[in-house]
Every structure is written in structure tokens, then in C-alpha cells.
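Working notes for the structure below.
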Amino acid sequence: MDILKGLNQRQREAVKWAQSPVLILSGPGSGKTMVITHRIAYLIKELGVNPFNILAVTFTNKAADEMKKRVAKLLMAGRGSQVAGRRSQGNKRQATSDMPWIATFHSTCARVLRHDINQIGFDRNFVIYDDLDQLNLIKECLKELEIDPKQYRAPAFAAAICRAKENLIDYESYLIYTKTREDFYREMTAGVYEHYQKKLFKNNALDFDDLIMKTVELFREKPEVLEKYQERFIHILVDEYQDTNHAQYAFTKLLASKYKNICVVGDEDQAIYAFRSADIRNILEFEKDYKECKPEVFPLSMMEDYRSTQPIIDLANNLIVYNEERRKDKGKIILPKGKKKRKGPVPVLQELPDELEEADYVLGEVRRLHGEKKVPYHDMAVFYRVNAQSRVLEDAFRKARIPYAVVGALGFYEHKEIKDILAYLRVLINPKDSLSLKRIMNVPPRGIGKVTIQRMMDFANKKKITLWEAVRKVEEIKGLSSRSQWLVKNFRNLMFKYMELTRSLGVGELIKKLIKEIGYIRQLEKADTFTSEMRIENLKELIDAANQFEERNEDKSTQAFLEDVSLICEIDTWDDKAKAVTLMTLHNAKGLEFDTVFITGMEEGFLPHANAFREEMELEEERRLCYVGITRAKRHLYFTYADRRRLYGTTYWGLASRFIAEAGIEREEMAVPRGERFKVGVIIIHPEFGKGKIIKATGFGEDRKVEVVFAGGKRKKLAIKYANLQRI
DNA sequence: GATCAGTAATGTGGA
DNA sequence: ATTACTGATC
């Protein structure tokens, strides 16, 4: 039973229980990844499940990679002794890989669609559009629908379409929905959505949300396809279940509906993606969904924390009880491992005059901890709510010559030069991709200007053919000068040549040759601007990445490479072994841990963010975000806020975040004037309701009123004058 | 047709 | 502050 070694009782149960759907509620630092990986290993080694029949879904590639590594390690250990006991569960025909399928939702769906999307009338060679491509395509739609892009913003349509897809609402449904109410704007959105979707189809492209939605569509429309995958993925595990949206929920539900061997792991207190339609109810109501879930056993909650010291755990617990939308059944506060309190330094709260001094303060502490406490740089992180806050911090780190790494901002694959080259690859694979074709036709400049491209597009629209076909038939286009035609023909020959080469060359070699032939680097050198050098470096890195991809993967095709890079996100490429302090948003911080954590910008309007003030639900999400931040810290934790903060060219006058008081981080100066006894954070006893904590306080003296959360979760507004409260 | 300069619009979080 | 778009100039 070596797989169970080193696990506590709860964790063992979670690993072993294979007879029903399983919900595991895992608090921060409770060994969630360990449970998932050990469960996978247990299924394979102890129960004889074929790895081929296991699917584990995560939200980032980084999490997937980490999980793969750990599973591989577990499977390697004691190899040989267990193999004899392995019983294959069907699917003997198919090649058995030693490793289960561990990947993100998006790449899992992409893979399914690569195989079977033709069954619902799509081309299997589709390309994947990122959000910038999406935005450009929507702009095209607006133009064609003659909607004034100044009056109606393209990003607003993009967001609406994303939200719709995340909830599995296709444009037909969206249209029907709008018909039931008189909403001009929604009707317009429905029109854009329809047009956008048809254009995607013409380009043979899918956007991110399509990957999930089309897979669900495929499963629903083709039961035989669904069954194929149900037989393939007999055991399903989902990580970060609290962050699944409706589409992802439907995907897992469909897959699991046959064998019901589904194990989901999550923590609603760490749900921070409602803004992209993650639905916290998925985890709150898991047992309703899966009736076979044994309520006497599950949910299994793991609230023992192996990560943080007691003072940090206390703050996290203090803060999170202010949220109402939580599962009430798990007595949910984090407990230190083994009931033994781990001592540690008291978290620090520091007020600063402005964002520059805030950065200086952080730097000072980084230096001190590095020097005095020997905390390595890579074990420290600075968190902030919005990406824009990173600039000042970066400057400070650069000046101080302390190594740092920013996660976020502009990702490698979002750089213009990289996107240009990738657009070439896309067209080579899928010439129907008119958006990418338009992008590269004159990059680097080869004399094919806007007018020429517009004429070709008009021609294509008139003849109902794609832009690429228009390129092929350029001789037939009237109104183009012979010079233009000649230039287009040259471009066409170039593309023909590379379409051939795509078949014979590896993707690394292909990119290298292509960049050279089109003179991309030459043109950058000529431009010799501030960024040229960096861009050339980036291109070299791209070639590198392609070569590495070929080394690492079985499928070395350009197609596979494109898919890989399309689905990479920023956190995936961040290397935590680098000897650098990490700067990132609170959203990116989930799932990570550091010895030292700085949470900066603890101000009303930033954390909680001003856009979250309207609804209690949104405020709770901000609180969870703060909770996530706090619980990343193993030992040292800092909060900073600035009285005055310049951002986006304006000055914001900051008030200390309400979360500071809620978490019970007190500074002397923060006490209410005239020494009010009943202030926020104070624990009281009420003669009728018992023990509670003050979460809001208004008025002074005789008029003092407080809002209290009582132990059972009840909230009451009380006047000090009448309610006989005792401080404890 | 390419390039540059000035103007206008925008700013939460992300696969 | 940065970027996207427009119009004027080469």
C-alpha cells in the first residue's frame, strides 16, 4: 500500500473511494494535488484501471504538467510488482499509453474536436482564434453590418458573445431570447453574434469558448460519439471545480453520465472566476447533480493546512467568514496540521504615502528577508489586483537590481512579430483563415496595400469565395493594376512553396526558413527601433520553442505546434525555479505558494475593486481573491496600502481596504476615534444569539449601531443602546 | 502605397 | 500612459 503512505486519514478516503461520484472540498494547503495524483496512481496500480481510461482536467497547462510529473513519479515507483495485477477495462484495441490523459479543458476539447468535429459539419483542420483575433473579426462584422464602432464598442460585443458561449447559448437561442423582450442592444448583439459565428465558420476557425461549446454540441447531437468518449474516459477527475462554467460543467456531466466515476476537487472559498461565468453552484450543489453521491460519506472536506503558520491561517479564517455564499456543511475553517499550532511572524500591515513608496517598502523588505532570513528570491511574490499596478514595482526592482519575473501583461505569444509568423503557419495549414491571411499579405511590406486587399476582399465577397481563393484567381480581378497583380502572384507563389514545405519540413525548420525568406529580420534591422532588437530575440525564441516542441512531442506537425501555442497561457510559461521574485495578479496566484507574500494595493477601489461594489456577490468574490492571496503565504505575509495612488494618469485617494479590518489585522492608529468599544472585528456575546463578530459599525455614542455575524452564520443589525452586548 | 504624426478612446480579472 | 485609428505627406 505504498501509494497511501504519507497521506492522512481524510486523504486516504478520498483516494480510495471509487464507488460513487466524489466531491472533495479542499482548503488551502491541504494537499489537493497530492490527493488527485495519488488517486490516479491508486486507480491504476491498485484497481488495475487502464491509464488510457482516465481523464484529469485542470485549468492551466502548468497545473496539468505538474500533475503529470507527479503521477509519472508515482507510477514509476515500485514498478513491476504491481503490473501483474493490472486488469484492462476494455479498449484493448487501442494503443495503451502508460500515462493517463491529463490536460486543460480547452486542450481536451480541442483534441476531441480534431478527431470528430467533422461529424457536425466542420473541418477538422480548424484554427483556434485568440481574443485578439476574435476582436478583429468582430470589428470586421461591425463594418459589414454597418454598426458604428464608436457608438457601440467591439469589446462589449466580444464580452457578450463570450458570456453567451460560456453558458452554451448559441446565436439562434440568443436571438430567440431577445425576441421575448424589447431590447434594442441585445437584438443588435444577436445580429453581431450570428454574423461573427458565420464568419468563423467561413474562416474555418474556432474561438476559445467554441472549443468547449462545440464539444458539448457534438456530444449532444451525436450520441455515438459521446459514447465513444464515455468508454474512453471511464474515470474522470476535475480540479478547481469551483471555477467551472456551465459549458465545462455540461462537458463533464455528459462524459460522466454513463459510468459516473467522477471525482471533483475544489474549494468554493477560492472561486474567483465568476466574471467569466464560472458558476459556484456547480460545487455547492454537486450532490443534487450526482444523486449517486453518498451523502453519508461526502463531501469529504480536507481542511488541514500543511502550508501556512498559525497567524496566517487566523487571518484567512477571520476574513472568509464574512462571505455568505459558502457551503454550510463543512465547518469550514482552516486548521493547522496535526492540531499543533505552527508559530510564525505576525503579518505586517504598512501604510504608505503613495505607490512609489509602497514599491520602495516592498523592495526594502525583500532585501531584508533575503539578507537576514535567507529567503531565496524565488520564494517571494508580490501580488496586486490589476496588471497596471505592476509597472511601478517593476521599475523599483529594476533599479534595485533584484531579479524579478512578471507573470501576465503581454505574453510571449501575443507579441506582434510572433503573431505574424503564427498567422503564416495558420494560413499554410488552413488557407480559409482569411483573418490571418489579411494580416500577413503585406507583412513585411511587399507593396500589397490596403486598397488592393480591400478590392480582393470585395471580389471574394461578390463571388462568395474565400480571400485565399481570390488570391488564387487574382488574374480575374478587374480594377487591379498589373503591378498589384504581379505582387499578389509573387505572394501566392511564396505560399504555394511553403504549403509544400509544410509537408516535408519540421515546424522549427519551416519557421526558420520562412522568416529568412520573407526577410522579417532584415526588415526589423532596417527599422532599428527601440523594440527591434527584442523582436529579433523573440523570433529566435520562437524557432527555439518550435524545435523544443519537436523534441518533446510525438506529433511534430505544424498543426500540433499551432494548437499547443494557441492554448498556452501566461502562467504556463512562468518558471518557478528561476531565481527571481515573482510579480503577478491575485488571479494568477491561485494554486501557488511562497515563503513570503506581499499583497499590495490594499485599498477600497482596488481590493475590493471599484467595479465590484454594486453587488454583494461581486464583493464576496473580491474577498475570496484576498483570501487566495493570504493563503499563498507560508511564513511571511505583508499588506500594504497607499494614501494616494497614481494609475491610468489619475490620482486615487485611498482608504484602507475593508478586508484589513475583517481579517483582523489591526494597527493602533486604525482604532475608531474616542475609543469606541464596539468596532469592526470585535468579538461580542449577545444574551440571545450568543457569540458573534462585528462586521459593520456606524454612528457614535448613543447612536452606535453594529452589524454582527453570529456563530451559526446569522447576521443581525443591532443598536448598542438596546442590545446588551458584552465584549470578550 | 508607405510612413508618420496627431488625435481619440480606453483602463479588472483570463483560457 | 498606451494603443488604435485617421489623415496628410512623401
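All values below were derived from every heavy atom in this structure, side-chain atoms included, with hydrogens, water molecules and symmetry-related copies excluded. Every chain is numbered from 1 and lettered A, B, ... according to where its sequence line falls, protein lines coming before strand lines.
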With rounding to the closest Å, how many angstrom separate the C1' atoms on C:dT6 and B:dG11?
22 Å
Protein-nucleotide distance (A:Y384, atom OH; B:dG11, atom C1'), rounded to Å:
16 Å
Does the pair A:R645/A:E358 count as a salt bridge with the N-to-O cut at 4.0 Å?
yes
Hey, does A:S107 reach any base, or is it just sugar-phosphate, or nothing, if we go heavy atoms under 4.0 Å?
nothing
Under a 4.0 Å heavy-atom criterion, the protein footprint on nucleotides 3-10 of chain C, written with B, S and -, is -SS-----
Hey, could you give me the OG1/CG distance between A:T215 and A:L113, rounded to the nearest 0.5 Å?
3.5 Å
Pick from A:V392, A:V362, A:L583, A:L607: which one makes a side-chain contact (heavy atoms from CB on, under 4.5 Å) with A:T600?
A:V362
Round to a whole Å and report the spacing from CG of A:L135 to P of B:dT10.
12 Å
Check the angle between the aromatic planes of A:Y273 and A:F275 and answer parallel, tilted or perpendicular using the 30° and 60° thresholds.
tilted
At 4.0 Å (heavy atoms only), tell me whether A:S566 reaches a base, stays on the sugar-phosphate, or touches nothing.
nothing
Within the structure shown, what part of the strands sits under 4.0 Å from A:D130 by heavy-atom distance: base, sugar-phosphate, or nothing?
nothing
Does B:dA15 have A:F59 stacked on its base, where the ring centres are within less than 5.5 Å and the planes differ by under 30°?
no
C1' gap between B:dT12 and C:dC5, integer Å:
25 Å
May I ask you to evaluate whether A:N611 reaches the phosphate of B:dG13, defined as a side-chain N or O under 4.0 Å from OP1 or OP2?
no
As a test of reading the structure: which of B:dA2, B:dT10, B:dT12 is closest to the side chain of A:N442, going by heavy atoms?
B:dA2
Just how far, in rounded Å, is P of B:dG14 from NZ of A:K62?
15 Å
Nearest listed nucleotide, side chain of A:V386, among B:dG14, B:dA9, B:dG13
B:dG13
Should A:K165 and A:D170 count as an ion pair when the cut-off is N to O under 4.0 Å?
no
5'-most by nearest nucleotide on DNA chain B - A:L647 or A:D131
A:L647
Would you mind classifying the nucleic acid contact of A:Y273 as base, sugar-phosphate or nothing, using non-hydrogen atoms under 4.0 angstrom?
sugar-phosphate
Answer with yes or no after comparing the ring centroid distance for A:Y322 and A:F659 against a 6.0 Å cut-off, counting only values under it.
no
Just checking A:E166: base, sugar-phosphate only, or nothing, at a heavy-atom cut-off of under 4.0 Å?
base
With nearest nucleotides of DNA chain B determined for A:S484 and A:R385 from heavy-atom distances, which residue corresponds to the more 5′ nucleotide?
A:S484
From B:dA9, B:dA15, B:dG13, pick the nucleotide closest to the side chain of A:T585?
B:dG13
Measure the distance from NE2 on A:H609 to P on B:dG14 and round it to the nearest whole Å.
12 Å
Contact class for A:N61 (heavy atom, under 4.0 Å): base, sugar-phosphate, or nothing?
nothing
Kindly list each side-chain donor-acceptor pair under 3.5 angstrom involving residues 137-147 of chain A, sequence neighbours excluded, with atom names and distances?
unit_1	atom_1	unit_2	atom_2	d
A:E140	OE1	A:K199	NZ	3.2
A:E140	OE2	A:K438	NZ	2.6
A:E144	OE1	A:H195	NE2	2.8
A:E144	OE1	A:K199	NZ	3.1
A:E144	OE2	A:K199	NZ	2.7

Would you mind classifying the nucleic acid contact of A:R624 as base, sugar-phosphate or nothing, using non-hydrogen atoms under 4.0 angstrom?
nothing
Would you tell me if any nitrogen or oxygen in the side chain of A:R391 comes within less than 4.0 Å of OP1 or OP2 on C:dA1?
no
Is the distance from OP1 or OP2 of B:dG11 to the nearest side-chain N or O of A:N387 less than 4.0 Å?
no
A:R111 charged N/C atom sitting above A:W101 aromatic ring, 6.0 Å / 45°:
yes
